[in-house]
Colleague: 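Quick one: the structure is below, questions incoming.
Note that the coordinates shown come from a computational prediction; the quantities given were computed from them, not determined experimentally. Side-chain atoms are counted along with the backbone in the values below, which use heavy atoms only and exclude waters and symmetry mates.
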Amino acid sequence: MNAVEPVEEIRSFASFNIGVKHMKNFKLKTLKFPNHTDSHFDSPFIEKNGLLELNPKFITPEFLTAWTFETHLYDEQVAIDHFVITFPSRTELENYAESFYPFGATTVEGPDLFPLNFCAENINVPSDLWLHLMTLLMPAGGLVVLDAPHAPGDQTDRFQQARGLEAVHHVAIRVENVQKAAKIWQNKNFKPLSEHPLNSGSLTQWFVQNPAGQILELIERRPGNNATFDCKNIAGLRLSEIAVE
């Protein structure tokens, strides 16, 4: 896939955007739908046989920095909180990030090694799940998370090898109430990956998955919460994800 310069290969894996030590104080905009008369939204995502792939035409800095982060997924109108693009190396990740700055994007997390250099407390996440991570804030208020494997054969690398260059591991949908939103997605045959959502007090998250194996994240923010992930939720979310591998 050669749509984004200067990176020659872009691989997709929606991972974990955390941030305490490296989290800047920024204010996310409230994503609201205008009164569209056309149900079509240009989107970075393509649905194929129940799975999401990246659309190479719509992961350029020119598109993502102008995008409203509103789209349709599985016939549902949604507001995207964040999604992840994975790269073969941290160097390529940082080169891609550089291409966004002339268009108004800013870095709000990283780049650094997750979770060791993001959370002050000791997070019980095995080294197989470590990764390089960086988060960009787009002008519309959505987040694009960039990650890369930290070692050959780790979980991020295995996902890329198994699913291909464009595969999307998960997309986070911003909702007002996670419990109510989960019922909507359960009616679409998405099943929760844990018995209960992870709730840090100011951020609630829940992974749901369809029979094809596609994971969506439902994320609810309380007033004043500007972080992408809370360190209190990380271990539980990671464990709920790998439980289905």
Colleague: Specify the closest pair of heavy atoms between E220 and V178, including all atoms of both residues, with the distance to one decimal.
Modeller: OE1-N, 3.0 Å
Colleague: Rounded to the nearest 0.5 Å, what separates atom CD1 in I85 from atom CD1 in I59?
Modeller: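 One gets 5.0 Å once the value is rounded to the nearest 0.5 Å.
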Colleague: Within this structure, what is the OG-CD distance for the pair S99 and E62, rounded to the nearest 0.5 Å?
Modeller: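 Here the rounded value is 8.0 Å.
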Colleague: For a 4.5 angstrom cut-off between non-hydrogen side-chain atoms, does L64 reach F100?
Modeller: yes
Colleague: Just wondering, do L137 and T135 contact through their side chains at under 4.5 Å, heavy atoms?
Modeller: no
Colleague: From H169 NE2 over to Q214 CD, what is the distance, rounded to the nearest 0.5 angstrom?
Modeller: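 Rounded to the nearest 0.5 Å, the NE2-CD separation comes out at 8.5 Å.
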Colleague: Please say whether more than 12 non-hydrogen atoms of neighbouring residues, nucleotides or ligands are located less than 6.0 Å from CG in N187.
Modeller: yes
Colleague: Which heavy atom of P115 sits nearest to which heavy atom of V125, and what is that distance?
Modeller: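 Taking every non-hydrogen atom into account, CG-CB, 4.1 Å.
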Colleague: List the steps and the verdict of side chain to side chain contact (heavy atoms under 4.5 Å, CB included) for I80 and L73.
Modeller: CA-CA 10 Å; I80 303 297; L73 289 180; 4.0 Å; yes
Colleague: One pair to check against side chain to side chain contact (heavy atoms under 4.5 Å, CB included): D154 and W130. What are the steps and the verdict?
Modeller: CA-CA 8 Å; D154 69 8; W130 297 353; over 6 Å; no
Colleague: For N210 and F190, which heavy atoms make the closest approach, and how far apart are they?
Modeller: N-CD2, 3.4 Å
Colleague: What verdict does the side chain to side chain contact (heavy atoms under 4.5 Å, CB included) test give for L52 and E47, after you've listed the backbone C-alpha separation in whole Å, the side-chain angles of each residue and the deciding distance to 0.1 Å?
Modeller: CA-CA 5 Å; L52 297 178; E47 298 175 25; 3.4 Å; yes
Colleague: Among H150, Q155, R158, which residue meets the side chain to side chain donor-acceptor pair (under 3.5 Å) test with D128?
Modeller: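 Exactly one option meets the side chain to side chain donor-acceptor pair (under 3.5 Å) with D128, and it is R158.
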Colleague: Using 30° and 60° as the class boundaries, would you call the ring planes of W67 and F45 parallel, tilted or perpendicular?
Modeller: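 Geometry flag for F45 against W67: perpendicular rings.
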Colleague: Is there a side-chain contact between Y101 and T107 in this structure, where contact means two heavy atoms from C-beta onward sitting under 4.5 Å apart?
Modeller: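 Answer yes - side chains close enough.
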Colleague: Can you confirm whether more than 12 heavy atoms, excluding those of K188, are under 6.0 Å from its NZ atom?
Modeller: yes
Colleague: May I ask you to decide if the ring planes of W185 and Y74 are parallel, tilted or perpendicular, using 30° and 60° as cut-offs?
Modeller: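 Perpendicular.
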Colleague: Could you report the tightest heavy-atom contact between R221 and R174, atom names first, then the distance?
Modeller: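 Taking R221 first and R174 second, the nearest heavy atoms are NE-NE, 4.1 Å.
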Colleague: Name the orientation class of the two ring planes belonging to F83 and F69 (parallel below 30°, tilted from 30 to 60°, perpendicular beyond 60°).
Modeller: tilted
Colleague: May I ask you to test the F118-E109 pair for a side-chain heavy-atom distance under 4.5 Å?
Modeller: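 Yes, side chains in contact.
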Colleague: Determine whether F63 and V78 fall in the same hydrophobic cluster, where Ile, Leu, Val, Met, Phe, Trp and Tyr are linked whenever their side-chain heavy atoms lie under 4.5 Å apart.
Modeller: yes
Colleague: In Å and rounded to the nearest 0.5 Å, what is the CZ to CG distance from R90 to L133?
Modeller: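 That separation rounds to 10.0 Å.
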Colleague: From K232 NZ over to N199 CG, what is the distance, rounded to the nearest 0.5 angstrom?
Modeller: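 Atom-to-atom, K232:NZ and N199:CG are 9.5 Å apart.
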Colleague: When hydrophobic residues are tied together by side-chain contacts of less than 4.5 Å, even through go-betweens, does L51 share a cluster with V168?
Modeller: no
Colleague: Is there a chain of hydrophobic side chains (I, L, V, M, F, W, Y, each step under 4.5 Å between heavy atoms) that links F87 to F58?
Modeller: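 F87 clusters together with F58.
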Colleague: Can you check whether H170 reaches L216 side chain to side chain, under 4.5 Å on heavy atoms?
Modeller: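 When only atoms from C-beta onward are counted, L216 and H170 do not touch, as no gap falls below 4.5 Å.
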Colleague: Looking only at non-hydrogen atoms, find the nearest pair between H132 and L93 and report the distance.
Modeller: O-CD1, 4.1 Å
Colleague: What are the two closest heavy atoms between Q209 and I215, and how far apart are they?
Modeller: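 Heavy atoms only, the tightest pair is NE2-CG1, 3.9 Å.
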Colleague: Run the side chain to side chain contact (heavy atoms under 4.5 Å, CB included) test on Q179 and W206 for me, step by step, so that the C-alpha distance in whole Å, both residues' side-chain angles and the decisive distance to 0.1 Å come before the verdict.
Modeller: CA-CA 9 Å; Q179 297 278 5; W206 210 356; 3.7 Å; yes
Colleague: Supply the atom-to-atom distance T106 OG1 to L136 CG, rounded to the nearest 0.5 angstrom.
Modeller: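 T106 OG1 to L136 CG: 7.5 Å, rounded to 0.5 Å.
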Colleague: Would you say the side chain of I173 lies within less than 4.5 Å of the side chain of E76, judging by non-hydrogen atoms?
Modeller: no
